[in-house]
Amino acid sequence: MTRSQAELKRHEILEPLNQLLSGDERPTITFGEFVNGTYLPFSRQHKWKASSSMTTSSRISHHLVPEFGTRVMGSLKRAELQEFLERKA
């Protein structure tokens, strides 16, 4: 992927979020919507090997999304994420 192609792709991904931020209201996208609609599709295409993608996608979908999926992005706090990690350890 060339730099200009990467910049176009970045613009495609960020444009909906930037439009939401330009208004007075804060975005109401949930963690689950972000993971399933933005993060996992992008990561599967551009970041991970197939084996890593399957393992990581499964872990995110089975552990993080059920716990935090309905939460609005930005509402998650460090302390509750740490508590979650401690419960899973």
Side-chain angles (χ1 to χ4, degrees):
M1 177 181 285
T2 67
R3 180 183 176 133
S4 60
Q5 289 171 325
E7 288 174 354
L8 285 172
K9 188 65 175 175
R10 180 190 67 195
H11 178 75
E12 284 176 30
I13 292 169
L14 294 178
E15 181 61 24
L17 296 174
N18 289 334
Q19 286 179 355
L20 288 171
L21 290 173
S22 66
D24 291 334
E25 296 181 27
R26 296 200 42 99
T28 57
I29 187 169
T30 65
F31 178 78
E33 291 168 339
F34 173 76
V35 166
N36 294 315
T38 303
Y39 182 75
L40 289 178
F42 179 79
S43 295
R44 287 179 187 135
Q45 290 178 341
H46 303 286
K47 292 277 188 187
W48 300 331
K49 295 186 297 185
S51 60
S52 297
S53 176
M54 289 175 49
T55 301
T56 305
S57 296
S58 177
R59 287 180 179 157
I60 291 171
S61 297
H62 288 93
H63 296 282
L64 296 174
V65 173
E67 183 81 14
F68 303 112
T70 59
R71 296 284 301 277
V72 173
M73 291 293 289
S75 71
L76 300 170
K77 303 297 180 210
R78 183 182 305 181
E80 65 187 311
L81 295 173
Q82 187 61 48
E83 286 176 28
F84 170 77
L85 288 174
E86 290 170 5
R87 284 195 321 264
K88 291 290 182 176

Enquirer: Is there a donor-acceptor pair under 3.5 Å between the side chain of H62 and the backbone N or O of S58?
Expert: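 The answer is yes, because a donor-acceptor pair under 3.5 Å joins these two groups.
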
Enquirer: Are L8 and L14 in one and the same hydrophobic cluster, where Ile, Leu, Val, Met, Phe, Trp and Tyr link if side-chain heavy atoms are under 4.5 Å apart?
Expert: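 No, separate clusters.
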
Enquirer: Would you say the side chain of V35 lies within less than 4.5 Å of the side chain of L64, judging by non-hydrogen atoms?
Expert: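 In short, these two side chains do not touch, never coming nearer than 4.5 Å.
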
Enquirer: Would you give the length of the straight line joining atom CG of L85 to atom CD of E80, rounded to the nearest 0.5 angstrom?
Expert: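 Between atom CG of L85 and atom CD of E80 there are 11.5 Å.
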
Enquirer: Is it true that atom CZ of R87 has more than 12 heavy atoms of other residues, nucleotides or ligands lying nearer than 6.0 Å?
Expert: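 Counting neighbours around CZ of R87, more than 12 heavy atoms of other residues, nucleotides or ligands fall under 6.0 Å, so yes.
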
Enquirer: As an exercise, state the distance from OG1 of T30 to CE of M73, rounded to the nearest 0.5 Å.
Expert: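 The CE atom of M73 is 8.5 Å from OG1 of T30, to the nearest 0.5 Å.
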
Enquirer: What heavy-atom pair brings H63 and F84 nearest, and what distance separates the two atoms?
Expert: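 Closest approach of H63 to F84: O-CZ, 3.6 Å.
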
Enquirer: Decide salt bridge (Lys or Arg N to Asp or Glu O under 4.0 Å) for E12 and K9; before the verdict, give the C-alpha distance in whole Å, the side-chain angles of both, and the deciding distance to 0.1 Å.
Expert: CA-CA 5 Å; E12 284 176 30; K9 188 65 175 175; 3.7 Å; yes

Enquirer: For a salt bridge (Lys or Arg N to Asp or Glu O under 4.0 Å) check, start with the C-alpha distance between K88 and E67, then their side-chain angles and the critical distance, and finish with the verdict.
Expert: CA-CA 11 Å; K88 291 290 182 176; E67 183 81 14; over 6 Å; no

Enquirer: Tell me whether Y39 is reachable from L76 by hopping between hydrophobic residues (I, L, V, M, F, W, Y) whose side-chain heavy atoms are closer than 4.5 Å.
Expert: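 Yes, L76 and Y39 fall within the same hydrophobic cluster.
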
Enquirer: Pick from R10, Q5, H11, R3: which one makes a side chain to side chain donor-acceptor pair (under 3.5 Å) with E7?
Expert: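 The option that passes is R3.
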
Enquirer: Hey, which of V72, V65, I29, L40 is the one that makes side chain to side chain contact (heavy atoms under 4.5 Å, CB included) with F34?
Expert: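 With F34 as partner, V72, V65, I29, L40 yield a single side chain to side chain contact (heavy atoms under 4.5 Å, CB included), made by I29.
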
Enquirer: Please report the closest heavy-atom contact between S61 and P66, naming both atoms and the distance.
Expert: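 Looking at all heavy atoms of both residues, the closest pair is O-CD, 3.1 Å.
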
